[in-house]
Amino acid sequence: MKFQPTASHFINGEYVEDTAGEQIDVIYPATGEVIAKLHSATPAIIDQALNAAQAAQAEWAAMSGTERGRVLRRAADIMRDRNRELSILETHDTGKPLQETLVADATSGADALEYFGGLAASLTGEHIPLGGGDFVYTIREALGVCVGIGAWNYPTQIACWKGAPALTCGNTMVFKPSETTPLSALKVAEILIEAGAPKGVYNVVQGYGNVGASLITDDRVAKVSLTGSVPTGRKVYAAAADGMKHVTMELGGKSPMIVFDDADMENAVSGAILGNFYSSGQVCSNGTRVFVQKGIKEAFLNRLSERLATAKIGDPLDEDVNFGPMVSENQMNIALGYIEKGKAEGARLVFGGARIEGDGFYMQPTVFADVTDDMTIAREEIFGPVMSVLDFDTEDEVLARANDTEFGLAAGVFTNDLTRGHRIVAGFEAGTCYINTYNLAPVEAPFGGSKMSGVGRENSKLAINHFSEMKTVYVSMNDVEAPY
Ligand code: NAD
């Protein structure tokens, strides 16, 4: 395949291979074909990457913010110039339609590099007067070597959402992509070097969970930022706690989307489509529990079905296609398993519900109605194109039910009643809320979850606090008074 990285790892400014590591087959989800064979990092590779990141950190942190920012902004420009080839690679890695990857992956990675690059020169501490001439000043310092661990749904975006704020603050990074989609992060590393980043500032090593685990526990590492599932988050958080390391956890969800009977029906259906079927439903913040007020339920389901019937399912490299395969056979089987559970537990299948036969990992967009709160499909994260529609009568009732979950990643409401919209989001137990829209994640706004869905925030100025810490310096302008 064209544009493919030339080796498994990228360390200290160059591609590195070690075939002693366990083989990782990269499969194109649209055909089931193996498109690349990589190798998991051996202990020697992990050591090499951490050493490179550690050696590069002091020099990188000593550069001015303006200089660091310039590197990131140049990298953003290169990514935009190569958007098409990076998008084609991302489509091969993930199976997501090119129509999506052209606008949501390298472009959003470039946004992060540009935004954090722009902030780099204005990262400062404070001056705090204490009276009598004494004062305190604070110095914003980098944490050191940061580890990023990625999920498979947005490989380029995740590599940049973690790398850009980390590097801006003067940290260096060792990034481990998901073993399912290992290719794109290597391109991010390559581009950063081309943009002028010193060697060792951003390194990529491949591997399964065990490689991630050995990175976190290493003494050279100051922070870990994970995007992944709640069970992995628990393990990573616990391992980081042992070394008192900083963490950011971007984990799973089972987010509610509430549609009141005064909502604009067409917008509500659009929101439900975006929040359930974009990237074949493999988006962490998806609003997979769609609560629809009783009076408009059938109208909502009819319009939704009409519009889903027009989805173009097929070859993801065809730019007219807007619904691609699942990322892997395993993920497809997980989602199909949930469809069987939904049927068995008495939900009404309204649309789809089956695999699309062929070599690729395609399944139909699927909608269940008459779902109740206790059904498995309403409680567990499916991470596939399976929407549950639940009925409700009143505002108080639906808010309580929407919050009745261990997750707290996102939540949305569709209503034309202004005060009700704000009242509902004030009551949502979720980190990222939407009124009359769904699933936006621009770099300017904080993104992340509460409850079991995460710790910390990505994007926005808040991310800076998660990749730096303050040193407090007391300065006395007077004599020191001691009691004896
Ligand atoms: P996953 O938890 O299986 O794996 C995530 C990453 O963690 C992978 O790189 C994996 O190799 C690594 N890993 C696994 N075990 C580990 C361990 N013990 N120590 C260190 N690293 C380990 O998740 P996935 O299947 O790749 O991705 C899907 C999940 O990610 C879903 O739950 C989804 O909601 C979540 N997600 C969250 C966000 C967000 O921003 N909140 C974004 C995308 C995906």
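All residue numbers in this chain count up from 1 along the given sequence. Order of listing sets the numbers, starting from 1, for every ligand and every atom in it.
Between R220 and D47, at least one side-chain N (NZ, or NE/NH1/NH2) sits under 4.0 Å from a carboxylate O, which counts as a salt bridge. Between R457 and E250, no side-chain nitrogen of the basic residue sits less than 4.0 Å from a carboxylate oxygen of the acidic one, so the salt-bridge criterion is not met. Checked for salt-bridge contact, R289 and D404 miss the test: no charged N lies under 4.0 Å from a carboxylate O. Electrostatic pairing of R84 and E319 counts as a salt bridge here, judged by a charged N lying under 4.0 Å from a carboxylate O. Under 4.0 Å is where a charged nitrogen must lie from a carboxylate oxygen, and between E406 and K451 no such pair does.
At a heavy-atom cutoff of 4.0 Å, ligand 1 is contacted by no atom of L215, backbone or side chain. Residue contacts with ligand 1 for P177 involve N, CA, C or O but no side-chain atom from C-beta outward (heavy atoms, distance under 4.0 Å). Only the side chain of F447 comes within contact range of ligand 1, with a heavy atom under 4.0 Å; no backbone atom does.
Among the atoms of S229, some N or O lies under 3.5 angstrom from an N or O of ligand 1.
Protein heavy atom at the shortest distance from atom 17 (C) of ligand 1 is G209 O, 3.6 Å. Scanning the protein heavy atoms around atom 28 (C) of ligand 1, the nearest turns out to be F383 CE2, 3.7 Å.
For ligand 1, the atoms sitting less than 4.0 Å from at least one non-hydrogen atom of V236 are 19 (N), 20 (C), numbered in the order shown with element in parentheses. Taking every non-hydrogen atom of S178 and a distance limit under 4.0 Å, the qualifying atoms of ligand 1 come out as 9 (O). For ligand 1, the atoms sitting less than 4.0 Å from at least one non-hydrogen atom of Y208 are 11 (O), numbered in the order shown with element in parentheses. The contact set between ligand 1 and G150, taken as ligand atoms under 4.0 Å from a residue heavy atom, comprises 5 (C), 6 (C), 8 (C), 9 (O). Counting the atoms of ligand 1 from 1 in the order shown, those under 4.0 Å from a heavy atom of N153 are 43 (C), 44 (C).
Using a 4.0 angstrom heavy-atom cutoff, L226 counts as in contact with ligand 1. For G454, the heavy-atom gap to ligand 1 stays at 4.0 angstrom or more.
In summary, the aromatic rings of F383 and W152 are positioned with their centroids under 6.0 Å apart. You'll find the ring centres of Y154 and W161 outside the 6.0 Å limit.
Relative to the six-membered ring of F175, K162 misses at least one condition, a distance below 6.0 Å or an angle of at most 45° to the axis.
When T232, N210, T180 are ranked by how near their heavy atoms come to atom 1 (P) of ligand 1, first place goes to T232. The heavy atom nearest to atom 5 (C) of ligand 1, considering only I149, T227, V283, is found in T227.
Between V205 and the choices V16, L50, I11, the side chain to side chain contact (heavy atoms under 4.5 Å, CB included) rule is met once, by I11. For the side chain to side chain contact (heavy atoms under 4.5 Å, CB included) with L226, the qualifying choice from V147, V247, I216, V236 is V236, the only one to do so.
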